[in-house]
Amino acid sequence: MAAADGGEADHLAGERATAQFDVDGMKVAWAGSRHAVEVNDRMARLVASDPVFRKDTRTMLPRKELFKDTLKKAAHAWKRIVELRLTEEEANLLRLYVDQPGYVDLHWGMFVPAIKGQGTEEQQKKWLPMAYKFQIIGCYAQTELGHGSNVQGLETTATFDPSTDEFVVHSPTLTSSKWWPGGLGKASTHAVVYARLITEGKDYGIHGFIVQLRSLEDHSPLPGITLGDIGGKFGSGAYNSMDNGVLRFDHVRIPRDQMLMRLSQVTREGKYVHSNVPKQLLYGTMVYVRQTIVADASKALSRAVCIAVRYSAIRKQFGAQAGGPETQVINYKTQQSRLFPLLASAYAFRFVGEWLKWLYTDVTQKLEAKDFSTLPEAHACTAGLKSVTTSATADAIEECRKLCGGHGYLNSSGLPELFAVYVPACTYEGDNVVLLLQVARFLMKTVSQLASGKQPVGTTAYMGNIQYLMQSKCAVNTAEEWLNPAVIKEVFEARALRMAVNCAQNISKAPSQEEGFSELSPDLLEASVAHVQLIIVTKFIEKLQQDIPGHGVKDQLQNLCNIYALHLLHKHLGDFLSTGCVTAKQGALANEQLGKLYAAVRPNAVALVDAFDYTDHYLGSVLGRYDGDVYPALYQEAWKDPLNDTVVPDGYHEHLRPLLKQQLKLSRL
């Protein structure tokens with residue numbers, strides 16, 4: 001589709017004419033199928049053409065107006081979903097393209113999956129129909145004021161009272177207040193609340209409970225419940241459309257059957273019993289959520305890169321000779337060396353996200369067959385990918401802002417809001433450092449089991465080749481040899497394995513394993529990152545081994561894969577040198593090859609971001625608009641600011657005029 005919402009002249013037509021590949025074929029490669037391209041196109045256009053979903057003044061709205069606007073858009077989106085009888089796939093895409101965080105994200109993304117994953121069949125039959133029709137609105141109340149990543153440290157209690165067959169939910173301390181759940185502050189009527197289950201005087205740890213928070217008649221809080229919004233957050237617009245909430249319980253009673261009882265129950269007499277459903281089934285939901293986060297990383301990164309590439313092709317600075325035109329910013333090697341690795345990363349994260357969808361299906365099938373053998377590896381893999389992709393994306397959005405110069409700092413560029421709305425991903429669903437340390441524990445365990453002959457599985461299978469990889473030497477002698485995927489893969493495998501083995505050896509010298517792990521945690525983080533980067537490189541290489549239709553599409557993806565890998569090698573050259581994986585000369589050859597790859601991508605850069613197929617509405621950027629008509633758009637956007645509602649500013653007569661007329665009354669010192 002022509003992704004512009006307007007019909008103006010195409011100022012980027014010359015850039016698009018230099019593309020050396022079939023752009024429609026690349027759209028299919030990016031989206032995953034022709035069907036995906038078509039349904040994305042349809043839903044994106046549906047949103048872009050609806051005035052209710054307008055968002056160009058969002059960053060100028062006061063918080064109350066912004067929240068009301070979010071409620072209006074959520075209600076209108078639901079109305080359209082029902083009227084048009086959209087499928088679940090179409091409805092999810094429509095909400096994606098509305099592009100405004102709100103309570104529906106947590107209702108569908110956390111509340112409903114929690115009931116499906118942890119509720120009994122009877123509980124699902126009772127609660128899910130109401131949730132599916134929005135007769136109730138739910139959120140996920142886990143994080144507290146005093147505890148986030150350490151779920152086992154949560155303080156909220158749910159104490160069983162056998163005399164009334166009820167749980168008493170209570171917030172015993174200020175730090176036990178639920179804090180941050182999206183949708184909790186103003187919208188949700190119900191929550192899945194995580195609390196310490198206490199029965200017969202014993203604490204059985206954290207369990208989930210369905211608790212009604214507000215009246216279904218007038219939306220007022222129920223007795224014993226104190227709740228509200230936690231206040232404004234980073235940025236203008238951005239995540240301030242979400243009502244992240246605070247919640248306290250004062251001995252609130254709920255029926256016993258509102259404990260989510262798929263994995264364990266409390267009997268009428270107060271006995272705690274485990275069900276015959278294995279607790280490992282919860283891993284399936286976790287893999288699904290993390291797969292979604294990785295997919296979201298590729299979306300956010302590709303939006304930022306699309307803006308930066310298009311604007312870099314429009315913007316001209318310096319280089320004019322004899323009155324000729326100035327140089328396009330995208331032609332400067334410094335711009336290419338910062339921008340094109342981010343373009344390559346967007347594609348890399350997209351393809352590893354695709355693979356994670358397959359992993360989720362595989363894990364689900366194995367769980368149903370009660371095969372838990374690959375679960376620890378799947379947990380480590382998804383934890384690591386969530387951490388690495390979200391951290392890289394947050395950094396990349398900010399880099400794209402800087403790549404757009406001063407104009408990138410304007411809200412109308414779309415980049416400040418995109419950064420502010422995205423950066424919480426580094427913390428929610430697992431702090432990124434904490435997750436990498438979980439990966440490190442798994443890697444250390446895997447290394448320790450190699451001596452016993454236990455073969456590692458999945459993304460750690462390369463560790464089974466320890467004898468070879470610990471001794472292997474990179475044979476690269478020319479820059480072109482770095483284009484061999486087998487060479488790249490082996491070097492990344494050797495680096496990851498050697499860093500993990502080095503950490504394991506150093507831990508073994510410590511007085512205790514825990515002490516060693518703590519002391520070496522910075523090194524362990526780097527070893528985890530090396531392992532995860534290997535996964536991403538490997539999955540990109542595997543994508544290229546598939547049949548990819550479309551003239552020149554595979555060639556362009558090959559270039560991007562090589563840029564992604566060789567830029568990582570350049571960026572982490574210290575790792576590769578210190579572990580003896582490459583020599584200094586080989587590192588220099590990789591960098592030389594990178595320059596050639598940037599030159600190969602340059603004529604295709606604009607077409608490569610066109611393949612993301614984003615409407616101007618979804619991009620939300622005057623700098624990244626499809627037609628490239630940037631400067632008139634920037635000028636027009638400036639006049640929309642409320643500060644320009646009056647020619648003479650409010651406050652002139654009180655403060656500016658007395659100053660200019662030298663009429664300020666000075667206090668006598």
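Evaluation of the ring pair (Phe, Tyr, Trp, His ring centres under 6.0 Å) rule for W180 yields no partner, not counting sequence neighbours. With sequence neighbours left out, the ring pair (Phe, Tyr, Trp, His ring centres under 6.0 Å) criterion links H379 to Y283. Partners of T646 by side chain to side chain contact (heavy atoms under 4.5 Å, CB included), not counting sequence neighbours, listed by chain and number: D650. Contacts of N644 classified as side-chain hydrogen bond (donor to acceptor under 3.5 Å, both in side chains), with partners at least two apart in sequence or in another chain: none. For D250, there are no side-chain hydrogen bond (donor to acceptor under 3.5 Å, both in side chains) partners at least two apart in sequence or on another chain. Remark: Q100 engages R58, D69, T70, K73 in a side-chain hydrogen bond (donor to acceptor under 3.5 Å, both in side chains) (not counting sequence neighbours). When the side-chain hydrogen bond (donor to acceptor under 3.5 Å, both in side chains) test is applied to Q291, no partner is found at least two apart in sequence or on another chain.
For the pair R16 and Y626, the distance from NZ or CZ to the six-membered ring centre is under 6.0 Å and the angle to the ring normal is within 45 degrees. By the 6.0 Å and 45° rule, R303 does not stack over the aromatic ring of Y614.
A tilted orientation is assigned to the rings of Y140 and Y194, their planes being inclined by 30° to 60°. Ring geometry for F234 versus F419: interplanar angle over 60°, hence perpendicular rather than tilted (30 to 60°). Classification of the W30-F612 ring pair by plane angle, with boundaries at 30° and 60°, yields tilted.
Residue pairs meeting the ring pair (Phe, Tyr, Trp, His ring centres under 6.0 Å) criterion with at least one partner in residues 288-312, sequence neighbours excluded, are Y288-Y360. Applying the ring pair (Phe, Tyr, Trp, His ring centres under 6.0 Å) test to residues at least two apart or on different chains, the pairs with a partner in residues 236-255 are H170-H251. Judged as a ring pair (Phe, Tyr, Trp, His ring centres under 6.0 Å), the pairs with a partner in residues 69-94 (not counting sequence neighbours) are, in order, F53-H76, W78-F134. Listed by first and then second residue, the side-chain hydrogen bond (donor to acceptor under 3.5 Å, both in side chains) pairs that reach into residues 221-238 are R63-D229, K233-N244, sequence neighbours excluded.
A heavy-atom distance below 4.5 Å is found between the side chains of P642 and D645. Looking only at side-chain heavy atoms (C-beta outward), T87 and V39 stay at 4.5 Å or farther from each other.
Under the 3.5 Å distance criterion, with hydrogens and angles disregarded, a donor-acceptor pair is assigned to the side chains of Y97 and N40.
At distances below 3.5 Å, not a single donor-acceptor pair connects side-chain atoms of T143 with backbone N or O atoms of W179.
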Return a table of donor-acceptor pairs under 3.5 angstrom between the side chains of residues 254-261 and protein atoms on other chains or two or more places apart.
unit_1 : atom_1 : unit_2 : atom_2 : d
R256   : NE     : D165   : OD1    : 2.5
R256   : NH1    : V266   : O      : 2.9
Q258   : NE2    : I210   : O      : 2.6

